[in-house]
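Written out below as structure tokens is the structure these notes cover.
Values reported hereafter were calculated over all heavy atoms of this structure, with side chains retained and with hydrogens, waters and symmetry mates removed. Just so it is clear, the model here is predicted, and its values are computed rather than measured.
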Amino acid sequence: MKKVGSLLLLLTFLSFFSCQDALECIINKHPELSNQPLASAQVDQLYNETITAQIKNEPSVDNYNYYFSIDGALPRGIDYYIDYRTIFLEGTPLVSGTYNFTVRLTVEQSDNYIEECENKLNDCDGLCGDTASQAYTLLVN
């Protein structure tokens, strides 16, 4: 009886998720942003810092396209630019203060993408999730 119950539970689970989806989430492949605190900046002094994205538990992080957005305000004088998996913060801050912003990341597989395989339950990218966000604080003295 116990085996029948376990088998029913497994079949119910697999009816909602494909085997590939379940395996992806067991392996826990998902995008993530560096969570190290940003270095403090000084007014009227050049500032450089980076925020890097990766795919956790994925050795082929370069097989994905990375799309970033930033919500919140950067200090006046600091700009950002994106180069593939890295956001570069640089410039000379003009005003002291504490600046809070959130980086949002969405990824999608760039190579070997099979469009026929795309559906509601499985988009064939090998990821358990395809978005991440991280809040950052930049202190300018």
Side-chain angles (χ1 to χ4, degrees), residues 2-141:
K2 193 173 186 181
K3 286 184 180 182
V4 172
S6 296
L7 182 59
L8 273 172
L9 183 62
L10 178 63
L11 289 174
T12 302
F13 177 77
L14 292 177
S15 70
F16 288 106
F17 300 101
S18 73
C19 292
Q20 182 178 351
D21 288 334
L23 182 60
E24 291 163 359
C25 290
I26 290 170
I27 295 172
N28 198 16
K29 289 172 34 175
H30 65 272
E32 62 183 12
L33 293 155
S34 55
N35 62 359
Q36 294 180 334
L38 298 175
S40 296
Q42 301 294 319
V43 171
D44 295 328
Q45 292 186 9
L46 185 61
Y47 179 79
N48 291 300
E49 184 68 273
T50 60
I51 298 170
T52 306
Q54 67 174 357
I55 308 291
K56 181 178 179 184
N57 297 321
E58 171 61 78
S60 303
V61 295
D62 292 334
N63 288 338
Y64 294 84
N65 293 320
Y66 295 78
Y67 303 99
F68 296 95
S69 66
I70 295 180
D71 297 329
L74 292 174
R76 222 174 41 168
I78 299 286
D79 290 316
Y80 74 93
Y81 70 93
I82 299 166
D83 185 15
Y84 191 51
R85 294 188 306 121
T86 304
I87 297 175
F88 294 90
L89 302 172
E90 60 182 44
T92 304
L94 304 174
V95 180
S96 64
T98 302
Y99 299 86
N100 298 303
F101 61 95
T102 300
V103 175
R104 300 189 192 292
L105 167 65
T106 301
V107 298
E108 68 179 27
Q109 189 174 12
S110 59
D111 296 327
N112 303 321
Y113 189 77
I114 304 169
E115 191 148 330
E116 299 147 10
C117 177
E118 188 174 38
N119 60 46
K120 288 182 181 178
L121 296 178
N122 183 6
D123 62 6
C124 302
D125 63 7
L127 299 176
C128 185
D130 59 2
T131 62
S133 65
Q134 180 73 39
Y136 296 93
T137 299
L138 176 53
L139 178 62
V140 179
N141 298 311

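- Taken to the nearest 0.5 Å, the CD atom of Glu32 stands 12.5 Å off from the OG1 atom of Thr131.
- Residues Asp79 and Leu74 form no side-chain contact, since every pair of their non-hydrogen atoms from C-beta on lies 4.5 Å or further apart.
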Taking it one step at a time, do Val103 and Ile87 satisfy side chain to side chain contact (heavy atoms under 4.5 Å, CB included)? CA-CA 9 Å; Val103 175; Ile87 297 175; 3.6 Å; yes
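- Under the 4.5 Å side-chain criterion, counting only non-hydrogen atoms from C-beta, Arg85 is in contact with Asp62.
- One finds the CG atom of Leu139 at 8.5 Å from the OG atom of Ser96 (value rounded to the nearest 0.5 Å).
- Using a 30° and 60° split on the angle between ring planes, Tyr66 and Tyr64 fall in the perpendicular class, above 60°.
- Counting heavy atoms from C-beta on, the side chains of Gln45 and Thr92 never come closer than 4.5 Å.
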Please step through side chain to side chain contact (heavy atoms under 4.5 Å, CB included) for the pair Arg104 and Tyr67, ending with a clear verdict. CA-CA 8 Å; Arg104 300 189 192 292; Tyr67 303 99; over 6 Å; no
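- Considering only heavy atoms from C-beta on, Pro93 comes within 4.5 Å of Ile78 through its side chain.
- Counted by atom type alone, Asn100 and Thr137 present one or more donor-acceptor pairs between their side chains at under 3.5 Å.
- Considering every non-hydrogen atom in both Gly129 and Pro31, the closest pair reads O-CD, 3.1 Å.
- Using a 4.5 Å heavy-atom threshold, the side chains of Val95 and Val43 count as separate.
- The nearest pair of heavy atoms linking Phe68 to Ala53 is CZ-CB, 3.8 Å.
- By the 4.5 Å heavy-atom criterion applied to side chains, Thr102 and Tyr136 are not counted as neighbours.
- Counting heavy atoms from C-beta outward, Tyr99 and Leu38 have side chains that stay 4.5 Å or more apart.
- Residue Val140 comes nearest to Gln42 through the heavy atom pair CG1-C, 4.3 Å, listed as atom of the first residue, atom of the second, then distance.
- Atoms OG and CG, from Ser133 and Leu33 in turn, are 7.5 Å apart once rounded to the nearest 0.5 Å.
- Using modelled atom types, one side-chain atom of Tyr47 and one backbone atom of Ala39 make a donor-acceptor pair closer than 3.5 Å.
- Note that the OG atom of Ser34 and the CD atom of Gln54 stand 8.5 Å from one another [nearest 0.5 Å].
- The CG atom of Leu105 lies 9.5 Å from the CD1 atom of Ile82; values are rounded to the nearest 0.5 Å.
- Ring pair Phe88/Tyr80: centre-to-centre distance not below 6.0 Å.
- Other residues, nucleotides and ligands contribute at most 12 non-hydrogen atoms within 6.0 Å of the CD atom of Gln36.
- The distance from atom CD of Glu90 to atom OG1 of Thr50, rounded to the nearest 0.5 Å, is 10.5 Å.
- Within the 4.5 Å cutoff, the side chain of Val107 has heavy atoms near those of the Ile55 side chain.
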